[in-house]
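To start, the structure under review is shown below, and the notes come after it.
All values derive from a computational prediction rather than experimental measurement. For the numbers below, each heavy atom of this structure counts, side chains included, while hydrogens, waters and symmetry mates do not. Proteins come first, then strands; the chains are lettered A, B, ... in the order of their sequence lines, and each starts at number 1.
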Amino acid sequence: MPELPEVETIRLQLKKFLVEKKITGIEIKKSKSFPNDSKLVIGAKVIDVRRFGKVCVIDLDNKYSLLVHLKLTGQLLVNGIIGPHTRVIINFDSDNLIFNDLRIFGWIKVVKTDEAENSGFIGKLGPEPFRDLTFDLFKQALEKTTRPIKIILMDQEKISGVGNIYANDALWLAKINPKTPANQLSNQLTNQLFDAILKVLKDGIKYGGASDQHYLKPDGTRGEYQKHFLVYGRKGELCERSTCQKEGAKITRIAVGGRGTFYCPNCQK
DNA sequence: CCCCAGCCCTGGTCGC
DNA sequence: TGCGACCAGGGCTGGG
């Protein structure tokens, strides 16, 4: 599922492939995937590609932008192959951009560029890691609530861009139990968690995202972060910490807030 | 305001 | 072999 590292990887490739390219036509196969009037952007040229949390913003030279949210199963492929899950095809002079989305949760919306940052939930997003998330802001987000820390990490209004994969891995790295009430974390653990979030997101970007299930980069290649998962998706495997290995401690899967949660009960107390 | 349950979707998996 | 039930989950909505 595309989270900050995946969407950032997509952004960098789209910027390379699409800037200066002109939209010549849009074919909408599912209106739910592209609910606005495509005429608003036909003939416009791409000038920039930005990212807010998990949303990709493609800015055009006619004061409009395309917002893309891939949700769980969305893919943006440059010159990809049209398949059974292709929902939208954006044609450029000599290339096309294919939006595949098996579960039809994702969308592409047309907004005015100067309203993009405030449109819909982008305006409600919390501080962005690597941009404006500071330790003090992070601490403030945690101290107001007794909800489980994992829920808070994934709450886009608290911190933007962190989803299930990176929340699980960050909590393991910081040795924190996912169910710990957010306001009960000590200053030291809060510090460890802050560093851990930045570390796993950075690794995610370094490996081009996690191609665990559907995610592909726009050039059609797979990311590599799934080969470096710390706990995510590793139910039943031995925890990587040497002390846990000696004791045979295994990664467990539980539900927190209804979401699949992976952790080591031995080192994440 | 805060929080939670239910909803949207479809392919894969499991039990009978 | 086939069929139905169930599950995955980001963000939205409605209710307490």
Does the dA8(C) base have a donor-acceptor partner in the side chain of Arg259(A) within less than 3.5 Å?
no
Between [X] ([atom1]) and [N] ([atom2]), how many Å, whole number?
{"X": "Met154(A)", "N": "dC12(C)", "atom1": "CE", "atom2": "C1'", "answer": "15 Å"}
{"X": "Lys150(A)", "N": "dG9(C)", "atom1": "NZ", "atom2": "C1'", "answer": "10 Å"}
{"X": "Lys235(A)", "N": "dA8(C)", "atom1": "NZ", "atom2": "P", "answer": "10 Å"}
{"X": "Lys54(A)", "N": "dC12(C)", "atom1": "NZ", "atom2": "P", "answer": "11 Å"}
{"X": "Tyr166(A)", "N": "dG10(C)", "atom1": "OH", "atom2": "P", "answer": "13 Å"}
{"X": "Phe52(A)", "N": "dG11(C)", "atom1": "CZ", "atom2": "P", "answer": "15 Å"}
{"X": "His214(A)", "N": "dA8(C)", "atom1": "NE2", "atom2": "C1'", "answer": "10 Å"}
{"X": "Ile159(A)", "N": "dG11(C)", "atom1": "CD1", "atom2": "C1'", "answer": "17 Å"}

About how many Å separate [atom2] of [Y] and [atom1] of [X], when rounded to the nearest 0.5 Å?
{"X": "Asp37(A)", "Y": "Tyr64(A)", "atom1": "CG", "atom2": "OH", "answer": "9.0 Å"}
{"X": "Leu4(A)", "Y": "Tyr166(A)", "atom1": "CG", "atom2": "OH", "answer": "8.5 Å"}
{"X": "Thr113(A)", "Y": "Ile47(A)", "atom1": "OG1", "atom2": "CD1", "answer": "6.5 Å"}
{"X": "Ile122(A)", "Y": "Glu115(A)", "atom1": "CD1", "atom2": "CD", "answer": "12.0 Å"}
{"X": "Gln75(A)", "Y": "Tyr215(A)", "atom1": "CD", "atom2": "OH", "answer": "10.5 Å"}
{"X": "Ile23(A)", "Y": "Asp93(A)", "atom1": "CD1", "atom2": "CG", "answer": "10.5 Å"}

Decide if atom NZ of Lys21(A) counts as having more than 12 heavy atoms of other residues, nucleotides or ligands within a radius under 6.0 Å.
yes
dG11(C), OP1 or OP2 - any side-chain N/O from Gln156(A) closer than 4.0 Å?
yes
DNA chain B: 5'-most and 3'-most nucleotides touching chain A, 4.0 angstrom heavy-atom criterion:
dC3(B) to dG11(B)
For [X], answer base if it contacts any base atom (sugar-phosphate contacts may also be present), sugar-phosphate if it contacts only those atoms, and nothing otherwise; contact means non-hydrogen atoms under 4.0 Å.
{"X": "Asn164(A)", "result": "sugar-phosphate"}
{"X": "Gln213(A)", "result": "nothing"}
{"X": "Gly257(A)", "result": "nothing"}
{"X": "Thr73(A)", "result": "nothing"}
{"X": "Ile104(A)", "result": "sugar-phosphate"}

Any stacking of Phe105(A) on dG11(C), going by centres under 5.5 angstrom and planes within less than 30 degrees?
no
